[in-house]
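Here the structure is laid out as structure tokens; the discussion comes afterwards.
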Amino acid sequence: MDSGALNDLDHRLLEALQLDGRAPFSHLARQLDLSERTVARRYQRLRGLGLRIVGQPDPARLGLVRWLLRLHCTPDAAGTIAAALARRPDTSWVTLASGGTELYCAVNTRTADERNALLLQKLPRTPHVLSVSAHCMMRIFVGATSTWHATRFRPATPADLAVDSGTPRTPLALDDTDRTLFTELARHGRVTLPELSKATGRSPSSVQRHLDRLRAEGALHLSVDFDPQLLGYHMSTQLWLNVAPAHLRTVGETLATHPAIAFAAAITGTSNLVASGVFRTPADLYDYIDRQIGPLPGIQSIETAPTLREVKRLAPALP
């Protein structure tokens with residue numbers, strides 16, 4: 001099914017779900033000025049095309065440190081290594097890029113021992129891995145849950161851009177009910193209250209209080225995942241920028257307002273800003289770099305790496 005089969009109503013529904021992935025059909029119907037039955041039918045149709053609403057924990061609010069790994073491998077082994085990384089519970093996405101010899105992987109670690117076991121022992125000893133670079137995500141400007149490839153169907157709002165203020169916060173304490181909710185919502189973000197009540201052994205009202213607390217504290221986010229190609233976007237690309245320190249915040253916050261950018265973060269390493277963009281064609285990517293990236297202050301260099309295949313995405317490391 002190509003993008004032409006999706007109409008304006010589908011786009012509006014995706015936008016509404018991105019505002020609140022757990023909004024009841026009745027609320028969505030009022031927002032879109034449609035009948036509840038029409039909204040439910042359209043939602044089920046989009047689910048049949050691959051739409052997922054996924055509950056994701058914010059790693060920073062749970063005391064985790066986020067890392068971006070960049071691996072260069074021999075061409076014959078890249079797929080196998082990517083699959084092995086995808087099976088790890090501490091990875092949230094894995095992609096193949098740059099002719100199939102480069103892998104990108106997001107990892108969440110709780111302790112220095114966990115980090116060092118992967119970066120200093122496991123990966124360096126893996127056959128056919130030619131090089132590994134690890135970049136700590138210091139500040140995430142948009143895409144707080146490290147989701148690179150979830151299309152943004154609406155412009156960023158001030159609330160989106162304030163998700164990660166950069167101010168240290170005490171990790172949120174979780175109980176067994178919270179952990180069960182994260183597990184269930186990672187499978188399906190719109191799972192019903194009665195189903196969550198059964199899974200946790202708590203009353204629906206108690207479950208709702210837990211959900212409200214996790215969302216209010218910024219520990220739980222709901223992400224909308226839908227294949228960009230069905231919307232006509234066939235060019236997913238990683239952008240690695242080297243920005244003068246005095247302009248790093250300005251450039252990062254500006255990228256966060258661009259609908260084409262699903263994720264942007266300040267990182268350690270030679271490139272100090274990384275972003276993920278989704279474009280319709282290579283010409284659109286060129287225009288974006290020329291007209292929106294080029295005029296920004298302090299950009300010293302830019303590297304682009306088109307995504308070839310997403311091996312794992314929207315799979316959070318659960319607390």
| request: Rounded to the nearest 0.5 Å, what's the gap from CZ on R213 to CG on L211? Could you check? | output: 11.5 Å
| message | If you compare all heavy atoms of P297 against all heavy atoms of V243, which two are closest, and at what distance to 0.1 Å? | response | O-CG1, 4.4 Å
| message | Keeping N116 on the side-chain end and A112 on the backbone end, is there a donor-acceptor pair under 3.5 Å? | response | yes
| message | Salt bridge check, R215 against D20: does any charged N sit closer than 4.0 Å to a carboxylate O? | response | yes
| request: Answer yes or no: is there a side-chain heavy-atom contact under 4.5 Å between L222 and R22? | output: yes
| request: Using atom types as modelled and distance alone, determine if a side-chain donor or acceptor of R61 lies under 3.5 Å from a backbone N or O of E217. | output: yes
| message | Between E114 and R88, does any side-chain N to carboxylate O distance fall below 4.0 Å? | response | no
| said: Using side-chain heavy atoms (C-beta onward) and a distance below 4.5 Å, is S206 in contact with T177? | reply: no
| Between D176 and R179, is there a side-chain N and carboxylate O pair less than 4.0 Å apart? | yes
| message | Tell me which one of T180, D178, T200 satisfies side-chain hydrogen bond (donor to acceptor under 3.5 Å, both in side chains) with H210. | response | D178
| query | Between atom OG of S92 and atom NZ of K312, what is the distance when rounded to the nearest 0.5 Å? | reply | 7.5 Å
| note | Closest non-hydrogen atoms of L285 and T237, given as atom of the first, atom of the second and distance, are CD2-OG1, 3.8 Å
| task | Carefully, step by step, assess Y104 and Q238 under the rule side chain to side chain contact (heavy atoms under 4.5 Å, CB included). | result | CA-CA 9 Å; Y104 300 117; Q238 274 64 258; 3.6 Å; yes
| Quick one: does R66's side chain have a donor or acceptor within less than 3.5 Å of a partner on I140's backbone? | no
| Should L69 and L103 count as side-chain neighbours, where that means a heavy-atom distance under 4.5 Å? | no
| query | Nearest heavy-atom pair of I81 and P127: which atoms, and what distance? | reply | CD1-O, 3.9 Å
| request: Establish, yes or no, whether the cationic atom of R190 lies under 6.0 Å from the six-membered ring centre of F25 and within 45° of the ring axis. | output: yes
| said: Exactly one of I302, I267, T270, T304 should register a side chain to side chain contact (heavy atoms under 4.5 Å, CB included) with W240. Which one does? | reply: I267
| field | Euclidean distance, T38 OG1 relative to L9 CG, rounded to 0.5 Å | value | 8.0 Å
| said: I'd like to know whether CG of D76 has more than 12 heavy-atom contacts from other residues, nucleotides or ligands below 6.0 angstrom. | reply: yes
| remark: So CZ of F226 and CG of L49: to nearest 0.5 Å the spacing works out to 5.0 Å
| said: Using only atom types and a distance under 3.5 Å, with no angle test, would you say the side chain of E195 pairs donor to acceptor with the backbone of T192? | reply: yes
| message | Check for me whether the distance between the ring centres of H258 and Y288 falls short of 6.0 Å. | response | yes
| message | For residues V129 and L308: do they belong to one hydrophobic cluster (side chain heavy atoms under 4.5 Å, members Ile, Leu, Val, Met, Phe, Trp, Tyr)? | response | no
| said: Working to the nearest 0.5 angstrom, can you tell me the gap between D227 CG and S236 OG? | reply: 8.5 Å
| task | Using atom types as modelled and distance alone, determine if a side-chain donor or acceptor of S197 lies under 3.5 Å from a backbone N or O of R202. | result | yes
| task | Answer yes or no: is there a side-chain heavy-atom contact under 4.5 Å between V274 and L241? | result | no
| request: Could you tell me whether D90 and R110 have a side-chain N and a carboxylate O separated by less than 4.0 Å? | output: no
| T101 side-chain N/O to C73 backbone N/O, donor-acceptor pair under 3.5 Å | no
| said: To the closest 0.5 Å, what do you measure between CG (L296) and CG (L255)? | reply: 6.5 Å
| Is R12 salt-bridged to E15, going by a charged N under 4.0 Å from an acidic O? | no
| With distance as the sole test, does H221 use its side chain to make a donor-acceptor pair with the main-chain N or O of G218 at under 3.5 Å? | yes
| task | Heavy atoms only: give me the nearest A78-L96 pair and the separation to one decimal. | result | CB-CD2, 3.8 Å
| Can R280 be said to sit on top of Y233's aromatic six-ring, NZ or CZ under 6.0 Å from centre and within 45° of the ring axis? | yes
